[in-house]
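One structure is given here, and the rest of the page talks about it.
Worth saying up front: this structure is predicted, and the values here are computed from it rather than measured.
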Amino acid sequence: AHLALVLVALRRIGLPRPSLRWSPEMTRLIAIGGATLLAASSAQLVLLVATQIASTEPGAVAALYYADRVFQLPLGFVGVAMGTVVLSEMTATQAADQDAMLGRALSLGLALALPAATALLALAAPIVSVVFEHGRFGSEDRARTAAALAAFAAGLPFAVIARVFGQVYFARQRPRLPLASGGLAVAVAGAAGFVLARSGNAAQMAALAASLAFAVQAVLLGAMLIREGIWRPSVAALRPVAAALLASGIMLAALAWLEHGLADWIGPDQPTLHRIMALAILCAGGLASYGAAGFLMGAFGALRLPRPLRKRQG
């Protein structure tokens, strides 16, 4: 059905029918597309390595899986969305404007990823309790899964940054560096997980190893973008990021205050409806506090449409 919709749309805009004949362009597409696919799947490979690390302890794989399900929600919403926007804009933007566009995309991605990571870190236990603590899922399972979720939260901003930076090379049809950085991230996850797993709570240590791998990948891609002159970070460009970080700190304080006041409602011995309502109040309070603080501090300056889009709409 998806393919049929695309084919109909292609016909409507006057493009020729797809041809199945092999050509030099097809060879180039397969070569670049294959490397791009492997590079884009590095995050999943890191999580696969983390799962293997967690398998050394009984029950740790299940805890890591539950934590990963929650972690994938903001990662998919922010990371995939920002990566798609950056890829499309990079291909349509002239080289002179790519630096400014990349700065706006990074600021916007972090304006969404930082509060999400802060909320997952602060509310790991309530989220796991409300979503999963039913039936045979007990307090020990909650503690193990919440620790893994908090460790994943530390790597969320880096995972989003790595996706944004990687799309720059994909747009330039140069997937080798994202592919190499993804391979390095997998190696880092394996090595760090092997060392950290000895500290106990294999699920938490595996998630922490994955977060470290995301950080290494983001730093490597950012350093190469700066070295090649594609991205030139400035104080003005990084100011919204600092504002988002400060606003996230204010949100963290607000969440701690709200969680203390709702402690009697969100406990596992409370009715399910009370727990859901308490978690909803926490989420709404965190969103309101971050939105207000971020607006006052200028964290959402990157929400302006990129210049190419403004020109098209004008």
Side-chain angles (χ1 to χ4, degrees), residues 22-53 64 68 71-72 74-93 95 98-99 101-103 105-106 108-110 113 152 154-196 206-233:
W22 199 266
S23 64
E25 290 79 10
M26 284 293 295
T27 302
R28 178 174 174 79
L29 174 64
I30 295 299
I32 295 178
T36 302
L37 178 63
L38 288 174
S41 62
S42 61
Q44 300 303 320
L45 294 176
V46 166
L47 295 174
L48 179 62
V49 171
T51 301
Q52 294 302 314
I53 295 169
L64 187 70
D68 180 52
F71 169 71
Q72 287 295 331
L75 178 61
F77 176 74
V78 180
V80 174
M82 291 308 304
T84 303
V85 170
V86 171
L87 181 61
S88 61
E89 287 301 310
M90 271 290 177
T91 56
T93 304
Q98 288 184 354
D99 178 41
M101 192 283 297
L102 180 57
L106 181 62
L108 177 56
L110 289 177
F152 270 135
L156 177 59
F158 296 106
V160 172
I161 292 172
R163 292 208 177 195
V164 171
F165 285 164
Q167 296 298 70
V168 177
Y169 289 97
F170 297 153
R172 292 171 173 248
Q173 299 184 7
R174 294 170 53 194
R176 290 185 179 180
L177 184 60
L179 181 60
S181 66
L184 178 61
V186 173
V188 168
F194 178 77
V195 174
L196 294 173
L208 190 60
S211 294
L212 180 60
F214 293 143
V216 170
Q217 185 180 18
V219 170
L220 176 60
L221 289 172
M224 292 306 299
L225 286 173
I226 295 174
R227 180 181 178 183
E228 296 181 12
I230 301 174
W231 178 45
R232 295 178 293 273

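Residues in residues 173-187 take part in these salt bridge (charged side-chain N to carboxylate O under 4.0 Å, His left out) pairs, two or more places apart or across chains: Arg174-Glu228. Among pairs with a residue in residues 41-53, those fulfilling side-chain hydrogen bond (donor to acceptor under 3.5 Å, both in side chains) read Ser42-Gln217, at least two apart in sequence or across chains.
When every heavy atom of Leu47 is checked against every heavy atom of Ala210, the shortest pair comes out as CD2-CB, 4.4 Å. When all heavy atoms of Leu221 and Gly166 are compared, the pair lying nearest together is CD1-N, 4.0 Å. In this structure, Leu196 and Ala209 approach most closely via the heavy-atom pair CD1-N, 4.3 Å.
Atom CG of Leu45 and atom CG of Leu48 lie 6.5 Å apart (nearest 0.5 Å). One distance of note links CE of Met224 with CZ of Phe165; it measures 13.0 Å at 0.5 Å rounding.
Qualifying ring pair (Phe, Tyr, Trp, His ring centres under 6.0 Å) partners for Phe71, counting only residues two or more places apart in sequence or in other chains: Phe152. Every side-chain contact (heavy atoms from CB on, under 4.5 Å) that Ile226 has, sequence neighbours left out, goes to Trp231, Pro233. For Ala189, the side-chain contact (heavy atoms from CB on, under 4.5 Å) criterion is met by Val46, Val49, Ala213, not counting sequence neighbours.
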Distance-only check: which donor-acceptor pairs under 3.5 Å involve side-chain atoms of residues 179-188, not counting sequence neighbours?
unit_1	atom_1	unit_2	atom_2	d
Ser181	OG	Leu177	O	3.2
Ser181	OG	Pro178	O	2.9

Listed pairs under 3.5 Å, donor-acceptor, residues 154-162 side chains, sequence neighbours left out:
none

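Residues Leu75 and Arg163 have side chains in contact (heavy-atom distance under 4.5 Å, counting atoms from C-beta outward).
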